[in-house]
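Right, one structure below, let's go through it.
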Amino acid sequence: MNAKETAQYRWDHVAKPLNSLGKLEKLIVKIAGVQGTPDVCIDKRCALVFCGDHGVVAEGVSQSGSEVTALVAKSIAEDTANINLMASVSLTDVFAVDMGMVSAVPGTIDHRIAAGTRNMVHGPAMTRAQAEQAIQAGIDLVGKMKARGYQIIATGEMGIGNTTASTAMACALLDCTPTALTGRGAGLSDAGLIRKREAITRALAVNQPDANDPIDVLAKVGGFEIAGMAGAFLGGMQHGVPIIMDGVISAVAALAAARICPAAVDSILPSHMSREPAMVRILAELGMEPILHADMALGEGTGAVALLPLLDMALRVYHGPHTFDDLGMAAYTPQEEQS
């Protein structure tokens with residue numbers, strides 16, 4: 001048996017009704033497949049918060065300005081941000097990654113491409129070469145984290161204006177209209193939501209991103225931090241590290257990674273259901289279901305790290321001694337449903 005089959009066999013022999021831990025059992029089996037062993041271990045874990053700024057903020061699509069990106073990145077680097085506080089509960093290390101903020105922030109991991117993207121309403125957000133550079137940075141970063149002993153990685157992001165970019169990407173990749181997929185992000189007013197939809201509509205019309213070329217979509221209407229996360233999902237596949245998806249921005253990056261290489265989905269773990277309208281469509285496209293339905297919309301990777309304590313509890317059962325053999329009783333077997 002391979003690692004996934006052995007992991008499923010182990011679950012089936014834990015003294016409990018079959019599949020009674022539901023999606024958590026499936027995630028442990030999936031992690032076994034990624035790590036290549038049924039002896040699943042995620043004791044050393046980290047969150048990578050990819051940070052970048054967006055020129056489209058000039059269109060009034062966000063409640064705050066780009067200066068907030070650097071302020072939050074600084075608090076992450078100083079271990080005081082919301083993501084740090086939540087991650088500390090599960091002993092998760094947090095790293096801020098500068099993919100292209102307007103202002104450089106000391107203490108971040110430097111993969112800076114440029115001082116923010118260009119305004120996608122007037123042309124491509126970045127060059128194709130920049131998109132490829134950002135993707136490769138994400139791939140390489142996962143490899144470096146694995147070399148440091150990290151066994152599972154949660155993704156997060158920080159970038160004022162990035163729900164606009166991610167929604168534009170989702171519209172292009174899923175062939176949907178901005179009206180159908182655009183949400184309020186970090187609490188936009190009705191007028192702000194109208195401006196956001198109009199900016200996305202204009203960006204798509206000006207740039208004509210090719211849905212069959214996910215790197216073209218990233219370059220024309222994406223962001224440096226979104227491309228970095230896409231690289232992280234590809235890096236999970238390449239380096240055998242499970243990568244936890246966060247909310248809609250992370251999900252768009254995962255979708256781009258899956259379009260670049262469909263096998264990438266085998267290393268991606270879903271976490272929570274974002275409030276943003278695009279999330280339902282993206283999860284369906286990836287063939288995934290969220291674990292948490294907590295109406296979260298904080299970002300920074302907080303939904304992703306919230307999954308870790310649940311995985312820890314499932315693993316205590318999975319690795320525990322409470323088996324049918326130990327109890328001297330017959331194992332549960334699948335039963336036909338009664339009509």
Side-chain angles (χ1 to χ4, degrees), residues 44-54 62 64 66-113 116-117 134-135 137-142 144-146 148 150 152-163 165-166 185-186 222-236 241-254 257 268-269 271-272 274 296-308:
K44 185 165 177 143
R45 66 280 296 267
C46 72
L48 297 177
V49 185
F50 294 84
C51 306
D53 278 309
H54 296 260
S62 57
S64 53
S66 294
E67 68 279 358
V68 173
T69 304
L71 291 173
V72 176
K74 181 175 182 290
S75 67
I76 294 170
E78 293 175 346
D79 203 31
T80 60
N82 296 308
I83 177 64
N84 304 84
L85 300 176
M86 289 182 64
S88 67
V89 173
S90 57
L91 303 179
T92 302
D93 298 328
V94 181
F95 302 95
V97 185
D98 183 358
M99 295 301 303
M101 292 185 285
V102 170
S103 301
V105 175
T108 59
I109 297 174
D110 184 9
H111 283 294
R112 185 180 179 83
I113 309 295
T117 60
I135 292 168
I139 294 171
D140 294 343
L141 189 53
V142 170
K144 291 174 183 175
M145 290 299 164
K146 182 178 182 180
R148 293 176 59 176
Y150 290 104
I152 189 168
I153 296 173
T155 58
E157 43 63 38
M158 182 59 216
I160 300 301
N162 60 11
T163 58
S166 59
F224 294 134
E225 81 280 32
I226 301 172
M229 279 192 294
F233 290 120
L234 293 169
V241 179
I243 311 293
I244 306 175
M245 184 171 67
D246 188 43
V248 71
I249 301 158
S250 175
V252 167
I268 301 172
L269 309 182
S271 61
H272 75 110
S274 168
M296 296 174 68
L298 176 56
E300 301 176 21
T302 50
V305 299
L307 178 67
L308 286 165

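At least one donor-acceptor pair under 3.5 Å links the side chain of E300 to the backbone N or O of I83. S250 contributes no side-chain N or O that, together with a main-chain N or O of G247, makes up a donor-acceptor pair within less than 3.5 Å. The backbone N or O of R112 lies less than 3.5 Å from no partner atom in the side chain of D98, so there is not a single donor-acceptor pair. Counting only distance, with no hydrogens or angles, the side chain of R45 and the backbone of L91 share no donor-acceptor pair below 3.5 Å. With hydrogens and angles ignored, the 3.5 Å screen pairs a side-chain donor or acceptor of N84 with a backbone N or O of A81.
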| task | Show your working on side chain to side chain contact (heavy atoms under 4.5 Å, CB included) between F50 and H111 and close with a plain yes or no. | result | CA-CA 9 Å; F50 294 84; H111 283 294; over 6 Å; no
| request: Apply side chain to side chain contact (heavy atoms under 4.5 Å, CB included) to the pair M145 and V241, showing each step before the final yes or no. | output: CA-CA 9 Å; M145 290 299 164; V241 179; over 6 Å; no
| request: I would like to know whether L308 and I152 meet side chain to side chain contact (heavy atoms under 4.5 Å, CB included); could you show each step before the answer? | output: CA-CA 9 Å; L308 286 165; I152 189 168; 4.1 Å; yes
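Of all the heavy atoms in F95 and I76, the pair that sits closest is C-CG2, 4.4 Å. For the pair I243 and G236, the tightest heavy-atom approach, listed with the atom from each and the gap, is CG1-CA, 3.7 Å. In this structure, T108 and V105 approach most closely via the heavy-atom pair OG1-O, 2.8 Å. In this structure, A134 and F224 approach most closely via the heavy-atom pair CB-O, 3.9 Å. The shortest non-hydrogen separation linking M229 to T155 is SD-CB, 4.2 Å. Contact record, L307 with S271: CB-CB, 4.2 Å, taken as the closest heavy-atom pair.
A side chain to side chain contact (heavy atoms under 4.5 Å, CB included) with I226 holds for exactly one of T117, I249, I135; it is I249.
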